[in-house]
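Proteins come first, then strands; the chains are lettered A, B, ... in the order of their sequence lines, and each starts at number 1.
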There are 2 protein chains.
Amino acid sequence: MNDDAVFRALADASRRLLLDRLHRQNGQTLSDLCDGLDMTRQAVTKHLTILEAANLVSSRKEGREKLHFINPVPINAIAERWIAKFEQQRLTALSALKEHLETTPPSRKKKKD
Amino acid sequence: MNDDAVFRALADASRRLLLDRLHRQNGQTLSDLCDGLDMTRQAVTKHLTILEAANLVSSRKEGREKLHFINPVPINAIAERWIAKFEQQRLTALSALKEHLETTPPSRKKKKD
DNA sequence: CTAATATGCAACCAAATGGTTGCCTGTCAA
DNA sequence: TTGACAGGCAACCATTTGGTTGCATATTAG
């Protein structure tokens, strides 16, 4: 629910990549997520900690492994509560354009407006 | 068009506040935007520079004033290209739930599953 | 012209960030 | 039981970040 933590968690490209990977395959272990990244395991751990703090990822211990799961809720919350504002502004611009087109005489072409 | 710059620009609460203000009233000067903030003008300038670099704000000089305008395009781009993925995941979860409910015998109550 | 207003520029600073290395702990398999 | 594998913890480091102060420049009002 904390917008700030979510925004800040999303600010880093490595973390967005981790989310991407979890999106492609959910429930990966730490080692899975480290695979192919040029980063130490500890760095990845730190990123995951931040993602968990922002509630973008949840985890569960399974024996000696730790499985990570993506949580789409905070992102959707931001999309709805925050981005919708700007979406509305875009729609306003569109409707202004629409009105402009409608109030402009349709069967006559102007050279300049 | 650069996702990273946009995400990073949005990561700071002060910058989101500035966007908020511009959303409420577009075309404000630097001094307008400073009003009531406990930050120096120079700090605000820096934030605006970052927002401009991310293409979230555009500006125009008018005499000795500099007017600032919000640009909703990058935010919508992110919403569409990035957040849609997670939206889809949520819908997947919903349809899984739906299927579960449909395949579960409707007229008989189970004590445990 | 001169003063006030609006902004720009640069140096500086403390704290946060993203990363590392080194070592410790817990769990599973042979 | 003893490695090997998966992960945790802590100290340390360089760079980035968000902010400051001080001064310079440009425009407008009187």
So, OP1 or OP2 of C:dT7: does either fall under 4.0 Å of a side-chain N or O from B:T45?
no
Salt-bridged, B:R60 to B:E52, with N to O below 4.0 Å?
no
B:K66 NZ to D:dT27 P: how many Å, rounded?
14 Å
For nucleotides 18-22 of chain D, which of its nitrogen or oxygen atoms have a protein nitrogen or oxygen under 3.5 Å away, and what is each distance?
unit_1, atom_1, unit_2, atom_2, d
D:dG18, OP1, B:D12, OD1, 3.4
D:dG18, OP1, B:R15, NH2, 3.4
D:dG18, OP2, B:R15, NH1, 3.2
D:dG19, OP2, B:H47, NE2, 2.1
D:dG19, N7, B:K46, NZ, 3.0
D:dG19, O6, B:K46, NZ, 2.1
D:dT20, OP1, B:T40, N, 3.4
D:dT20, OP2, B:T40, N, 2.8
D:dT20, OP2, B:T40, OG1, 2.3
D:dG22, O6, B:Q42, NE2, 2.8

Distance criterion of 3.5 Å, no angle test: do you see the side chain of B:R64 paired donor-to-acceptor with the base of C:dT5?
yes
Would you indicate, yes or no, if D:dA26 has its OP1 or OP2 atom less than 4.0 angstrom from a side-chain nitrogen or oxygen of B:K61?
no
A:E65 CD - C:dA29 P separation (whole Å):
10 Å
Under 4.0 Å between a Lys/Arg side-chain N and an Asp/Glu carboxylate O for A:R16 and B:D4?
yes
Could you check how far CG of B:D32 sits from P of C:dA6, rounded to whole Å?
9 Å
Please confirm whether the backbone N or O of A:R21 pairs with a side-chain atom of A:Q28, one donor and one acceptor, at under 3.5 Å?
yes
Taking B:D20 for its side chain and B:L17 for its backbone only, find out whether a donor-acceptor pair lies under 3.5 Å.
no
Could you tell me whether the side chain of B:N71 and the main chain of B:N55 form a donor-acceptor pair under 3.5 Å?
yes
Rounded to whole angstrom units, what separation is found between the CG atom of B:D35 and the C1' atom of C:dA6?
13 Å
When rounded to whole Å, the CG to C1' distance for the pair A:L37 and C:dG19 reads 14 Å
Show me, pair by pair, the donor-acceptor contacts under 3.5 angstrom made by side chains of residues 39-47 of chain B, not counting sequence neighbours?
unit_1, atom_1, unit_2, atom_2, d
B:T40, OG1, B:A43, N, 3.4
B:T45, OG1, B:R41, O, 3.0
B:H47, ND1, B:R15, NH1, 3.1

Separation of C:dA6 P from B:L33 CG (nearest whole Å)
13 Å
Rounded to whole Å, the CG-C1' distance (A:L67 to D:dA6) equals 11 Å
